[in-house]
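Small disclaimer: the values here were computed from a predicted structure and weren't measured. In this chain, residues are counted from 1 in sequence order.
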Amino acid sequence: MAGRINDDDVKAVRDAVPIDAVVSEYLQLRNAGGGNLKGLCPFHDEKSPSFQVSPSKGLFHCFGCQEGGDTIAFVQKIDHLTFAEVVERLAAKAGITLRYEEGGYNPSHQRGERIRLVEAHKAAAQFYVEQLDGPEAEIGRKFLAERGFDQAAAAHFGVGYSPAGWDHLTRYLRGKGFSDKELIASGLSQDGRRGPIDRFRGRLMWPIRDTSGEVVGFGARKLRDDDNGPKYLNTPETAIYKKSQVLYGIDLAKKDIAKASRAVVVEGYTDVMACHLAGVTTAIATCGTAFGGDHIKILRRLLMDNGSARVIFTFDGDAAGQKAALRAFEDDQKFAAETYIAIAPDNMDPCDLRLAKGDEAVRDLVEPRTPLFEFALRQIVSRYDLETPAGRAAALDEAAPVVAKIKTGSVQREVAVQLAGFVGILDQEYVVHRVNQLAQWARGRGDRGPAPAARGGSRRQEVHASAAPQSGPALNLRSPAHRTERELLKLALQKPALVSPAFDAYGVDEFTAPPYAAVRQCIAEAGGAELGVPETREYLVQVLDATPNDAVRKLVTELAVEVFHGKTIDEAYAGEHLVKVRLRAVDRRINEVQGSLARLGSNVSPDHLAAAQNEVWVLQQYAQSLRNHGAAAL
């Protein structure tokens, strides 16, 4: 092995690479006074910046989580590298040749794994770019041209082409000194019958870079009809590429995102290109996965996540796009920024819109239009029959907790009034009062769990059963309620098609046994039972990944394999259990409200009495509808 790096060279690297320049690649820094800079800590979630950088001292310190150190320590922690790997990376940036105490200069094949994988990707990106000029790549150049991208655009984004042969890149990288083991570990090659072969063949290639600008993966677009692979093929999970932690275009967009306090989230690589070429240089996209919590952390650090920041999501107006928008809304409260949704006319994506109507149309599209919460409310309400009292009550019960989570009180009231109009409830003050109750309850609980409600709240509950156990009796298999809840969870895990989409509207607190509430939460965090309709096996993997501890994981596994109690497991059986669990939740809420009134006695205010009586009446109507019509009333 190579020896330790010369101490003088380590010092030279520290002196040559300013800490603020390095930290700025990961988060936005602002003046904190006294020569220091501040930003949102990348090592823990926070609303106000407590992370400070002292350029003069070459140090950072977070007053929230107590992390601190120099430039090397920062990169070590944020990129999970060894000391030597960080020094090598920073030395390469600064143009410093390192000396090693026990073995002279460090041979390239002995460098840290991450450094080697990054170097392999850098070489691959250059290789693919060069191939785009060749005769074979004409189909790729035609693809780009048909979408309005010329040679300069391709060069700006580093778009390339992977030859259709079996091992062109593999042989090229071997010639650069990379071992077969490194090529497999990088995801650039895969095992073939006679050794490694290229993973990407005959495709248009987009390099995916991390926040610091290093190429860590690729997105590959199918070009030929005889290619039996998926339309888009991404790099597999590797030591340097985690799809949930990368955003395509972030290296190009980060400075403008920080400067403008605005980010535009689009759906694909060509959409990012179209936006940037149209002047929307804050556009980024996820890479083969839904927009989620890790992506939010990246944007929050760049936006400084204050109330004036804006995040605009562009989605197609079709069912898939609407579903993607609602998934994004589930994480909305993790932002301090205001979030909006933009849907192009005729459901065109930014790339198609630019082709059809030009750059100005793209710029106009991403101007904030509809708040994401308003879009989400309309989608929630649209699922119910508002012509019936039960439908209106159910719509209000699911939508009111969403409004209660809106950050600004004045906006919250205004939206509550809007919700009354969406649902068709003439008594606006009743809706406002209901929302206020939910908001006050959440504040009193520290927002640890869902407020009591007939339908158990929405899918956006932020409780985790392992951290805040649900109220209710312990698990008791003799309890009819617990037996029904268990059977419903088994249906949701084993046969999600029978209970979808109704099950995903059920709240955690509709499951009275804490272990079952924990399983329900895991299903929600995995994306909902509807996710398992097309592919149950992958869905179960995601549910298991969402489990907080071995106890819950064991229960999920148990429920996923346990036989059902019924003889015929069909829609009728599933509907029966859906209704039983919901009906018990409704009855519990009725008893809770009536008990509260009884305890208050003559001390109850007229307004509170009227609101409570109205709620009980609505719930009783809904319960009667469930008893009369079964699953059709859900």
Side-chain angles (χ1 to χ4, degrees), residues 1-2 79-82 84-85 88-89 92 103 105-140 143 158-210 214-243 246 269 287-289 537-538 541:
M1 291 184 62
D79 282 334
H80 308 288
L81 303 178
T82 66
E85 287 173 334
E88 287 168 351
R89 179 200 280 192
Y105 292 96
N106 187 28
S108 61
H109 71 273
Q110 291 180 333
R111 294 184 181 177
E113 180 190 22
R114 191 183 193 284
I115 297 294
R116 292 291 290 162
L117 298 189
V118 168
E119 289 179 346
H121 277 79
K122 182 178 180 181
Q126 184 59 40
F127 173 81
Y128 290 142
V129 167
E130 292 171 357
Q131 299 306 306
L132 188 61
D133 291 331
E136 183 190 321
E138 181 181 355
I139 187 173
F143 177 95
V159 181
Y161 176 80
S162 56
W166 288 103
D167 61 353
H168 288 281
L169 177 68
T170 299
R171 286 187 284 110
Y172 174 81
L173 292 178
R174 279 174 174 164
K176 292 287 186 180
F178 294 96
S179 67
D180 287 356
K181 182 179 179 181
E182 288 172 331
L183 297 181
I184 297 295
S186 70
L188 295 169
S189 301
Q190 59 188 13
D191 286 319
R193 292 180 180 178
R194 299 181 180 178
I197 59 174
D198 295 350
R199 178 176 297 275
F200 306 109
R201 302 186 298 275
R203 289 180 171 244
L204 206 55
M205 306 296 296
W206 278 268
I208 300 169
R209 293 181 167 86
D210 62 15
E214 302 279 13
V215 179
V216 295
F218 289 93
R221 173 56 156 88
K222 181 167 78 171
L223 296 171
R224 295 175 174 84
D225 292 337
D226 60 357
D227 185 337
N228 295 322
K231 182 177 179 180
Y232 279 96
L233 180 64
N234 280 21
T235 294
E237 298 277 304
T238 69
I240 63 172
Y241 180 80
K242 310 292 182 187
K243 63 183 179 181
V246 292
Y269 307 128
C287 300
T289 186
R537 180 177 296 183
E538 180 61 24
V541 170

* Asked: Which residue pairs pass the salt bridge (charged side-chain N to carboxylate O under 4.0 Å, His left out) test with at least one member in residues 159-173, sequence neighbours excluded?
  -> D167-R171
* Asked: Tell me, which pairs form a salt bridge (charged side-chain N to carboxylate O under 4.0 Å, His left out) where one or both residues lie in residues 224-233, sequence neighbours left out?
  -> R203-D227
* To do: Would you check if the side chain of E182 reaches a backbone N or O of S179 as a donor-acceptor pair within less than 3.5 Å?
  => yes
* N/O donor-acceptor pair under 3.5 Å between E136 side chain and A164 backbone -> yes
* Asked: Partners of F218 by ring-ring contact (aromatic ring centres under 6.0 Å, His included), sequence neighbours excluded?
  -> H121, Y128
* **Interatomic spacing from CG in L169 to CG in L183 - rounded to 0.5 Å** => 7.5 Å
* Asked: Could you give all pairs that pass the ring-ring contact (aromatic ring centres under 6.0 Å, His included) test and reach residues 172-192, with sequence neighbours left out?
  -> F127-Y172
* Asked: Looking at side-chain heavy atoms only, is the closest gap between Y241 and N234 below 4.5 Å?
  -> yes
* Are any of the side-chain nitrogens in K122 or E119 under 4.0 Å away from the carboxylate oxygens of its partner? -> no
For [X], all residues meeting side-chain contact (heavy atoms from CB on, under 4.5 Å), sequence neighbours excluded:
{"X": "V159", "answer": "L144, A154, F157, L204, W206, M273"}
{"X": "K242", "answer": "E237, Q245"}
{"X": "Q190", "answer": "I197, R199, R201"}
{"X": "R193", "answer": "none"}

* **Partners passing side chain to side chain donor-acceptor pair (under 3.5 Å) against E138 (at least two apart in sequence or in another chain)** => none
* Please list, chain by chain and in numerical order, all residues satisfying side chain to side chain donor-acceptor pair (under 3.5 Å) with T170, sequence neighbours excluded. => S189, D198
* Please name all residues satisfying salt bridge (charged side-chain N to carboxylate O under 4.0 Å, His left out) with D180, sequence neighbours left out, ordered by chain then number. => R174
